[in-house]
Amino acid sequence: MNVIRGFATTFKHVLEEPVTVQYPEEVKQFNVRYKGRHHLRRYDNGLEKCIGCALCAAACPADAIWVEAAENTDDERYSPGERYAKTYEINMLRCIFCGYCEDACPTQAIQLAHEFQLSFTDREDAIFTREMLLDPPPDGVPGTPQKVERGVFNRSIPDQEDPY
Amino acid sequence: MGVVSSKLGNLGVVTTTLDTAVNWARTGAMWPLLFGLACCAIEMMSTQASNYDMSRFGMELNRASPRQADLMIVAGRVTRKMAPVVRQLWDQMASPKYAIAMGDCASCGGVYNNYAVVQGVDEIIPVDVYIAGCPPRPEQLIHGILTLHESVRVQRLEEWVS
């Protein structure tokens, strides 16, 4: 009798759908809070959100981020406020995708999105520069640097609604 | 000039076809070494289990003996004490052999930027593919393996023979 019960379990599983995710063809939907590759976001007017404060680099437990800031002018404006990130590099092989940079960012410039296909044949390729991380500007909006009206973008950190 | 192409003279078609056949065989049955060092090994086990099923790529099972393995997936941080062991395992593997540095710690030390951990396993063995992630998801590991397969597919046989 136990034999029949045992084989009943086996045959029940024969009829089940296979569980294998056929990865390269079919990608499983990740959780919304999954942390993948970083993105540097832009405002709707095309200016970069990153102001080069390097708080992300300070928060990074693996020292994966390197930021060098430079001064903005109204003729060549990259981001609101005084400074922008001239160099912004993330070593994807150092980064542990903890999201502390995202939490530390005062302008919500850096965000971890869902790209996960990060394999490299060379360690040099793993260093993502500012150009690779920046989102493209929204449709019909020029990228940076922009020539803007004087005295409009004085504040580094815009008035934000409470995210919670 | 390798032995094969010099023996065959101008028969480029033959060597190219042979390249394709050999590379097909190498990518089709690249058995990894049963070898895990840290938390990345958990994800490696998950990749081999039925949910992601690495045997779809010809990695039917992990060989516990380095003599029978073609691929070393260094999954986890390599401490200075473990480094000679990893190197010995690599030396015991039969050529052609490939190495994947899975995860941050194997690739460049990751968060363990200290004296006890080897800052990147490429200090001791030649690594073909580095996979970012801490630890990488099974999808990321499979992507790394497919990257390795792509780089193996374009290899020329004469590079191996000579």
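Numbered from 1 within each chain, the chains take letters A, B, ... in sequence-line order. These numbers come from a predicted model, not from an experiment.
The local environment of CD in A:E25 is crowded, with over 12 non-hydrogen atoms from other residues, nucleotides or ligands closer than 6.0 Å. Atom OH of A:Y100 has 12 or fewer heavy atoms from other residues, nucleotides or ligands within 6.0 Å. More than 12 heavy atoms of other shown residues, nucleotides or ligands fall within 6.0 angstrom of atom CZ in B:R80. Counting non-hydrogen atoms of neighbouring residues, nucleotides and ligands closer than 6.0 angstrom, the CH2 atom of A:W66 reaches no more than 12 such neighbours. Taking a 6.0 Å sphere around CG of A:D44, one finds it holds 12 or fewer heavy atoms contributed by other residues, nucleotides or ligands. Heavy-atom contacts from other residues, nucleotides or ligands closer than 6.0 Å to CD of A:Q29 number 12 or fewer.
For B:E139 against A:K28, the heavy-atom pair with the smallest separation is OE2-CB, 3.9 Å.
For chain A, the nearby part of B:L146 is the side chain; its heavy atoms alone come within less than 4.5 Å. The contact between B:Q119 and chain A is made by backbone and side chain atoms together, counting heavy-atom distances below 4.5 Å. Of the two parts of B:S107, the backbone and the side chain both hold a non-hydrogen atom closer than 4.5 Å to a non-hydrogen atom of chain A.
Note: B:C134 SG to A:I96 CD1 = 5.0 Å, rounded to the nearest 0.5 Å. Rounded to the nearest 0.5 Å, atoms CZ (A:F116) and NE2 (B:H143) are 8.0 Å apart. A distance of 11.0 Å separates CD1 in B:I145 from OH in A:Y23, rounded to the nearest 0.5 Å. Atom CG of A:L118 sits about 15.5 Å away from atom OH of B:Y130, to the nearest 0.5 Å. The structure places CG of A:D63 at 7.0 Å from CG of B:N113, a figure rounded to the nearest 0.5 Å.
B:M59 and B:L148 fall within a single hydrophobic cluster, where Ile, Leu, Val, Met, Phe, Trp and Tyr are joined by side-chain heavy atoms under 4.5 Å apart, directly or via other members. Note on B:Y115: it does not cluster hydrophobically with B:V118, by side-chain heavy-atom contacts below 4.5 Å among ILVMFWY residues. Taking hydrophobic clusters as Ile, Leu, Val, Met, Phe, Trp and Tyr residues chained together by side-chain heavy-atom distances below 4.5 Å, B:Y98 does not share a cluster with B:L33. Grouping the Ile, Leu, Val, Met, Phe, Trp and Tyr side chains by contacts below 4.5 angstrom, directly or via other members, places B:V85 with B:M93. Residue A:I90 is grouped with residue A:V67 when hydrophobic side chains (ILVMFWY) are merged at heavy-atom distances under 4.5 angstrom, including chains of intermediate members.
Counting only distance, with no hydrogens or angles, the side chain of A:T20 and the backbone of B:S50 share a donor-acceptor pair below 3.5 Å. Judged purely by atom type and a 3.5 angstrom limit, B:Q140 has no side-chain atom pairing as donor or acceptor with the backbone of A:Q117. With hydrogens and angles ignored, the 3.5 Å screen pairs a side-chain donor or acceptor of A:R94 with a backbone N or O of B:C108.
Between A:R123 and B:D122, at least one side-chain N (NZ, or NE/NH1/NH2) sits under 4.0 Å from a carboxylate O, which counts as a salt bridge.
Relative to the ring axis of A:Y34, B:R137 places its NZ or CZ within 45° and under 6.0 Å from the centre.
When the candidates B:P136, B:C105, B:P135, B:A132 are compared by the number of heavy-atom contacts under 4.5 Å with chain A, B:A132 comes out ahead.
At a threshold of 4.5 Å between non-hydrogen side-chain atoms, the residues A:F120 and B:V129 do not count as touching. The closest side-chain heavy-atom distance from A:T121 to B:D128 is not below 4.5 Å.
Residue-level contacts of residues 139-151 of chain A with chain B do not occur; threshold 4.5 Å between heavy atoms.
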